[in-house]
Amino acid sequence: MEQCILQVALDTPLHTVFDYCWRGREDEAIPVVGQLVVVPFGRRETVGVVVGHAAGTELSADKIKDVIAVRSQLPPLSAHWLALCGFAADYYQRPLGEVMLPGLPKNLRALTTVALDKALKALGRMAAPPTKRKAKAKAADIVQADEPAQPAEVLADPMQFGAAPPLNAAQQQAVDVIAQAEGFAPLLLYGVTGSGKTEVYLQAAAAILKRAADARAATGEPVAPEEAPAQILVLVPEINLTPQLEGNIRARFPHLNVVSLHSGLAEGERTRSWLAAHLGQAHIVLGTRLAILSSLPHLKLIVIDEEHDPSYKQQEGLRYSARDLAVWRAHQLGIPVVLGSATPSLETWQHAQAGRYRRLELRQRAAQQAVLPKVKVVDMERDKPQDGLTSTLIGAIRKRLENGEQSLLFLNRRGYAPVLACDACGWISNCMRCDAFMVVHRPERRLRCHHCSLELHIPKSCPTCGNIDLQPLGRGTQRVEEGLHAIFPEARVLRIDADSTRLKGSAQIAFDSVHRGEVDILIGTQMVAKGHDFKKLTLVGVMNPDTALFSHDYRASERLFAQLMQVAGRAGRAGLSADGSSGEVLIQTRYPHHPLYQAVMRHDYDGFAGTLLEERQQACFPPFMYQALLRAEARELEQAIGFLQEAAAMLEAPAITINAPIPMTMMRVANVERAQLLVECPSRPALQAFLKEWLAELRLVKTRVRWSLEVDPVDI
DNA sequence: AGCACGCCGACT
DNA sequence: GTCGGCGTGCTC
């Protein structure tokens, strides 16, 4: 009888791996590193990943429990994948199992294998022979009787690609550089909106797949026909962008196995997609940030579209940056990684300036006759708005209606009005559990807190003085929608925001109707600003972005600039207007001369980024400084602050600055008081070394305060 | 994090 | 006399 100690990573907050005893018959192979196993843990059973073998263990023999089952039908996760998770666990100071397991499809973590076996079978992989010998013999008969039919498209030449549109010189050069890159190559694809970055990704992917297929054919070794010669991972910032891109990719590459991975998938589909990637079958994996942790044994290229987008940063649990992990993964594998953006993050821009990333530029729009839109500011002091819309913007929308073209209004505030107020006594709709206003949602007739989800009926009268005349103050997308109906009763108006797209699939239905031209005026939040390619859209109106100009968050201007460039980029992508004019962008503001708006008008990312980088350098902010944030929550603010003070006094190290604990901007959320402590260091390795030591000590502190650490925080 | 055990208040 | 509040302790 074979026997050994397996080290297993489990999804628990404990910073350790767990030893289990595996006993098997002599004809059974010892589970290898990367294999999934079922083990007893406390009073329950759970699935873990084998991360090592040990001859012995420090634990007393009576504490060691036996492995219950090995998921031998699933090929083990690769050493590369394990190393990626190991790096992320170290870097973000989280337990290994917490990195490895939550990203796996639920069906792989289930205690029963029914769904897993079904998915494997659907992918043409028979379930491994069951351990019982009788069943084994029977399973072999199944294999012959039920050989899965080879899908027709796999029989065709998988490297045959649909007709590609011609590239301009800059696009072609970018494709060549990506496709011919040797080894690790971080590439910034800096291309203005509508410059055809997607086309570059597709043709570079095709070239890399073709080259890998040729190389494989040249070896003459027999390979399973469904095995992809190379795998390409493409990340996009939003789920809503996957259908359009997936459609484009499938249309272009009808013979390739293309799967998507994002949180909107049903469990069955998610399992099949993940397995198609893990088994090496999927040529192209399209996904949101979580896809960066998927298993891709033949990964040859990573593309991060809109790399600057904040949604690449996970904001709970393991707070990783999918973009940063992508660069690490590419480095580990020695492959190119393409970071695409019209407004790169300052981190990426700084890398490019310093020569660490190679910059590929697309300075022109790709479509015939398409030029960058004309951006104008509309002074709201001089042109007083009606229903939030200045006469200039109203006139511009009217012109689009006459031309049969579409307009997009961007307002990053959902709901009807951000606050409800009583004129008589000064009451305002504060959330009773958070430091925030409750937002008026008119269609639902509710007051809603966007931070803790508390909901109340809209009061008929003032809760303190009884006044029945309560006023909604300010303007959200619902109120603008109402105003648009009043001003343009004949127009087809559609609102797209988190509220209107709550039901699964409804966002796709909404975007489809815009594409089909069934909408004249689109009003929405940042959901409509990103990536979409609306051919008939020639006008973009930005309703009131001024609040972000005066934020205390030093990243606010970087974000606002990117957001404005992004939404402006939706206008005039397909070519000129009916009357021969280019796309138009109107920014309504009280500060028309603000340098940020002036830079947007000039489409001057380079200049603006240069200014911001200088400011950051002077102020010793990222990317010239590395940061970590220790957060604490408690029922009383003093407890949270007290814990942070204790933590701050615990350890010191050269070049490490531990700032004073401060209450968070949103001090109270859902009746919990929150405070935070910023740690800074100009050297990333020095910060890492400090954090490792510091957290080891912090974890020993016995406290009732809930705390967490975020490395490279984006919201401070 | 789960999930237990453990010791004090309002109910049949 | 029990049901159950959530304090603290452990998980190989």
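Chain identifiers are assigned alphabetically (A, B, ...) following the order of the sequence lines, protein sequences preceding nucleic acid strands; residue numbering begins at 1 within each chain. This one's a predicted model, so the numbers in the text were calculated from it and none came from an experiment.
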Could you walk me through whether A/Glu710 and A/Arg631 pass salt bridge (Lys or Arg N to Asp or Glu O under 4.0 Å), step by step?
CA-CA 8 Å; A/Glu710 176 165 359; A/Arg631 293 201 175 85; 2.8 Å; yes

Identify each donor-acceptor pair in which a side-chain atom of residues 660-667 of chain A lies under 3.5 Å from a protein atom, sequence neighbours left out, and give them as a table.
none

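- In terms of the ring pair (Phe, Tyr, Trp, His ring centres under 6.0 Å) criterion, residue partners of A/His450 (sequence neighbours excluded) are, by chain and number, A/His441.
- Along DNA chain C, the stretch of nucleotides lying under 4.0 Å from any heavy atom of chain A spans, 5' to 3', C/dT11 to C/dC12.
- In this structure A/His278 satisfies the ring pair (Phe, Tyr, Trp, His ring centres under 6.0 Å) test together with A/Trp274, sequence neighbours excluded.
- With sequence neighbours excluded, the residues that form a side-chain hydrogen bond (donor to acceptor under 3.5 Å, both in side chains) with A/Asp66 are A/Arg23.
- Taking every heavy atom of residues 12-20 of chain A and every atom of DNA chain C, pairs under 4.0 Å involve A/Leu14, A/Phe18, A/Asp19, A/Tyr20, by number.
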Test A/Asp324 against A/Lys313 for salt bridge (Lys or Arg N to Asp or Glu O under 4.0 Å), laying out the working first.
CA-CA 9 Å; A/Asp324 293 354; A/Lys313 185 75 201 287; over 6 Å; no

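- Under the rule for a side-chain hydrogen bond (donor to acceptor under 3.5 Å, both in side chains), the partners of A/Arg94 that lie at least two apart in sequence or sit in another chain are A/Glu98.
- A/Arg319 and A/Gln315 share a donor-acceptor pair across their side chains, judged by distance under 3.5 Å alone.
- Using a 4.0 Å cutoff on non-hydrogen atoms, the parts of residues 33-47 of chain A near DNA chain B are A/Arg43, A/Arg44, ordered by number.
- For A/Phe18, the ring pair (Phe, Tyr, Trp, His ring centres under 6.0 Å) partners two or more places apart in sequence, or in a different chain, are A/Phe41.
- Taking A/Phe87 as the reference, A/Tyr91, A/Trp328 meet the ring pair (Phe, Tyr, Trp, His ring centres under 6.0 Å) condition, with sequence neighbours excluded.
- Contact annotation: the side chain of A/Ile304 approaches that of A/Ile302 to within less than 4.5 Å [non-hydrogen atoms, C-beta and beyond].
- Across A/Val679, A/Ile716, A/Asp712, a single residue satisfies side chain to side chain contact (heavy atoms under 4.5 Å, CB included) together with A/Gln627, and that is A/Ile716.
- Against DNA chain C, the stretch residues 94-105 of chain A makes no heavy-atom approach under 4.0 Å.
- For the contact set between residues 696-706 of chain A and DNA chain C, defined by any heavy atom under 4.0 Å, there are no members.
- Ring-centre distance between A/Tyr554 and A/Phe621: below the 6.0 Å cut-off.
- Judged by distance alone, with hydrogens and angles left aside, the side-chain atoms of A/Arg289 form a donor-acceptor pair with the main-chain N or O of A/Ser311 at under 3.5 Å.
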Audit row: A/Asp497, A/Arg502, salt bridge (Lys or Arg N to Asp or Glu O under 4.0 Å) steps and yes/no:
CA-CA 9 Å; A/Asp497 56 30; A/Arg502 220 166 252 202; over 6 Å; no

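- Contact annotation for A/Leu59: base contact, defined as any heavy-atom pair under 4.0 Å involving a base atom.
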